[in-house]
Amino acid sequence: MHQDPDTGGVFPDLQATFPDDTQTPVPIPSNSVLEAIDHLTDGYFEMDTEYRYRRVNPAGLRLTGKTRDEMLGKHVLEVFPDITNAAIHQTTMRVMETGEAASVETYYLPVKRWYVNSIYPISGGIALFTRDIHEQKVLEQNLAFLADASKLFSSSLDTQQTLRAVAQIAVPRIADWCAIDLLTAPGKVELLAVAHVDPEKVQWAEELRQRDPVDLERPVGLARVLLTGEPEFYPEITDEMLVSTTRDARTLALARSLEFTSAMIVPLIVQDATIGAISFVASDSERHYTPADLNMAQELASRAALAIENSRLYAASQHAVALRDDFIAAASHELRTPVTSLKVYTEVLQRQAMKRNDEVALRSLGAMNHQIDRLNSLVVDLLDVVRIESGTLELRQEAFDLRHMVDEIVDVTQSTLTTHRIEVDGAGTLAVAGDRDRLGQVVTNLLSNAVKYSPAADRVLVRLMGDEQAVILEVEDFGIGIEREHLPRLFDRFYRVSTPDEKTFPGLGMGLHIVQEIVHRHGGDLQVESAPGRGSCFRVRLPARDLPARPGGAAEMAPA
Ligand code: ADP
């Protein structure tokens, strides 16, 4: 049997030394069991019902840093006076009382490590096994921390905000202060985020960087990381190191006042290119970075790099969208004038051809006029889209009968149609308040889509309904319909359902976007039901408002 005089070894004579006269005698485990306990790498502690230690194995003594004499026969709170309210003691008491095994994790401060304690009821007391789970626990904590960090990083697409989030999450978890530098232009390094446990020191950290800017010509520290893409690791920062790396006495004093003890600088890498670096600095004399910390910092940096890249890509795409919008705005304004002139000149030519009875010219001019109308309606739609984007689509407000307005539009549309019959269902006045022309545009658009997307059908249905709350307009066709997957994006700007027949259905995907905006601005909503090959039904719901027409005409309507 293994005996270890320093740590106490196995204590076969304990029962004799500490008789428990209130209980039945404690059976002494067989020698082989005791030997096994003695050789355990886990700590093993036995207590009697009076909370006195009656057996401790060598690993247990090593772990607690106590000797056999300091523990055996002593009450647990005499040996560890500070643990009265600690989870381990509370759990031990519960096991004693209930007789049910339990386990509890503890962070043992004197050795700064995590343990799991499994406590079992045994005859005449409890047995407690203590296993060191420090590495596993730290790994778990790191993974949870990285998961939290990733969540935080993905919550913003603003680069500056992402950088601040990275710096802030690192403090105090990994560092007492954290700085992020990015290469913002060739050879240009900018300090874009700093966080410090002591917010007052942020300013000192910034000042230190100003006094001692990164010099890419002198590849040490941060500059080296930026140039090589390799991390720099300083487990221990000595005063000599500060003396040898600072430029002048003032900078040295500043560096000293920040009390660096340990540091690591890890690169931010996107697609093999170093875009910047994160510096983690500890200023607590107890804290010295380990290779495990460096791993963790690199892991955090790789997630941060991804988040930074995402924010950058987002900013670039926003910029591209803004450029496109500016171009559309300029182009639609520029196109408007020549299209209007073309229309005027065509009409002049048409009148002249009519006078001359020139059938051939009239036919060509008729076709030309039709194309100019199409061009004009595209330009008008483009201008509307621009107005929607810039928030300048103005609406007038007047009370009118939707039913009457729909009848008028249906008559005009029907007069130009030979392929479809438009049937209107629903009688009676339907009073609404809003912009008559804009709501007319909604009806025209839905009708022309219904006709355009039902080439094999011969009718379109318009239904009008209303009660005190709402007025409903439905436009139903029996055409090609729309696959379900497209419905959620159908009203998006420039969204088109691409079908193999695309050529048959020209368009730019602006109509429904404009329709939706007009309907929303009137406090209404727009819905669609559709099945491929069966047809589509678009439903506009507007609030019913029985407003009297205001003297003096229409007023502008507030956005919905
Ligand atoms: P456009 O018709 O100019 O492409 P819209 O914004 O009016 O633009 O319509 C967007 C898309 O919705 C169209 O490209 C088309 O695929 C689909 N769509 C609209 N109305 C209908 C309809 N009545 N039947 C089938 N598809 C339709």
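First listed ligand is number 1; within each ligand, the first listed atom is number 1.
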(message) Tell me whether Glu517 is salt-bridged to Arg438, with the criterion being a basic N under 4.0 Å from an acidic carboxylate O.
(response) no
(message) Tell me whether Asn445 has any N or O atom under 3.5 angstrom from an N or O of ligand 1.
(response) no
(message) Any atom of ligand 1 sitting under 4.0 Å from a heavy atom of Gly479?
(response) no
(request) State whether the shortest distance between N or O atoms of Asn449 and N or O atoms of ligand 1 falls below 3.5 angstrom. (result) yes
(message) Yes or no: does Lys452 have any heavy atom under 4.0 Å from an atom of ligand 1?
(response) yes
(request) Output the list of atoms in ligand 1 that are nearer than 4.0 Å to some heavy atom of Val497, sorted by atom number. (result) 14 (O), 16 (O)
(request) Could you say whether the N/O atoms of Gly509 and ligand 1 ever approach to under 3.5 Å? (result) yes
(request) Would you check the N or O atoms of Pro506, main chain and side chain alike, for any that come under 3.5 Å of an N or O of ligand 1? (result) no
(request) Would you please indicate yes or no on a ring centroid separation below 6.0 angstrom for Tyr453 and Phe505? (result) yes
(request) Would you mind running through ligand 1 and noting each atom that sits below 4.0 Å from a heavy atom of Ser536? (result) 22 (C), 24 (N), 25 (C)
(message) Check this for me: Arg484, atom CZ, are more than 12 non-hydrogen atoms of other residues, nucleotides or ligands nearer than 6.0 Å?
(response) no
(request) Say whether Tyr345 and Glu347, considering side chains only, have a donor N or O and an acceptor N or O under 3.5 Å apart. (result) no
(message) Just checking Tyr314: does its OH atom have more than 12 heavy atoms from other residues, nucleotides or ligands closer to it than 6.0 angstrom?
(response) no
(message) If the cut-off is 4.0 Å to any non-hydrogen atom of Met510, which atoms of ligand 1 fall inside it?
(response) 6 (O), 8 (O)
(request) Give the contacting part of Leu512 toward ligand 1: side chain, backbone, both or neither, where contact means a heavy-atom distance below 4.0 Å. (result) both
(request) State plainly whether the residues Arg493 and Glu389 are in salt-bridge range, i.e. N to O under 4.0 Å. (result) yes
(request) Compare Gln516, Arg496, Glu483, Glu476 and give the one whose heavy atom is closest to atom 4 (O) of ligand 1. (result) Arg496
(request) Ignoring angles and geometry beyond distance, decide whether His513 reaches within less than 3.5 Å of ligand 1 through its nitrogen or oxygen atoms. (result) no
(request) Tell me, yes or no, whether the heavy-atom count around Arg541 atom CZ, taken from other residues, nucleotides or ligands under 6.0 Å, exceeds 12. (result) no
(message) Is a donor from one side chain sitting under 3.5 angstrom from an acceptor on the other, for Thr392 and Arg387?
(response) no
(message) We want to know whether Arg173 and Asn142 form a side-chain donor-acceptor pair, criterion being a heavy-atom distance below 3.5 angstrom.
(response) yes
(message) Below 4.0 Å from ligand 1: does a non-hydrogen atom of Phe538 turn up there or not?
(response) yes
(request) Just let me know how Tyr495 lines up against ligand 1, side chain, backbone, both or neither, with a heavy-atom cut-off below 4.0 Å. (result) backbone
(message) Below 30° counts as parallel, above 60° as perpendicular, anything between as tilted: where do the rings of His196 and Trp177 land?
(response) parallel
(message) Below 3.5 Å, N or O to N or O, backbone or side chain included: is there any such pair between Gly481 and ligand 1?
(response) no
(message) Is the contact between Leu508 and ligand 1 made by the side chain, the backbone, both, or neither, using heavy atoms and a 4.0 Å cut-off?
(response) backbone
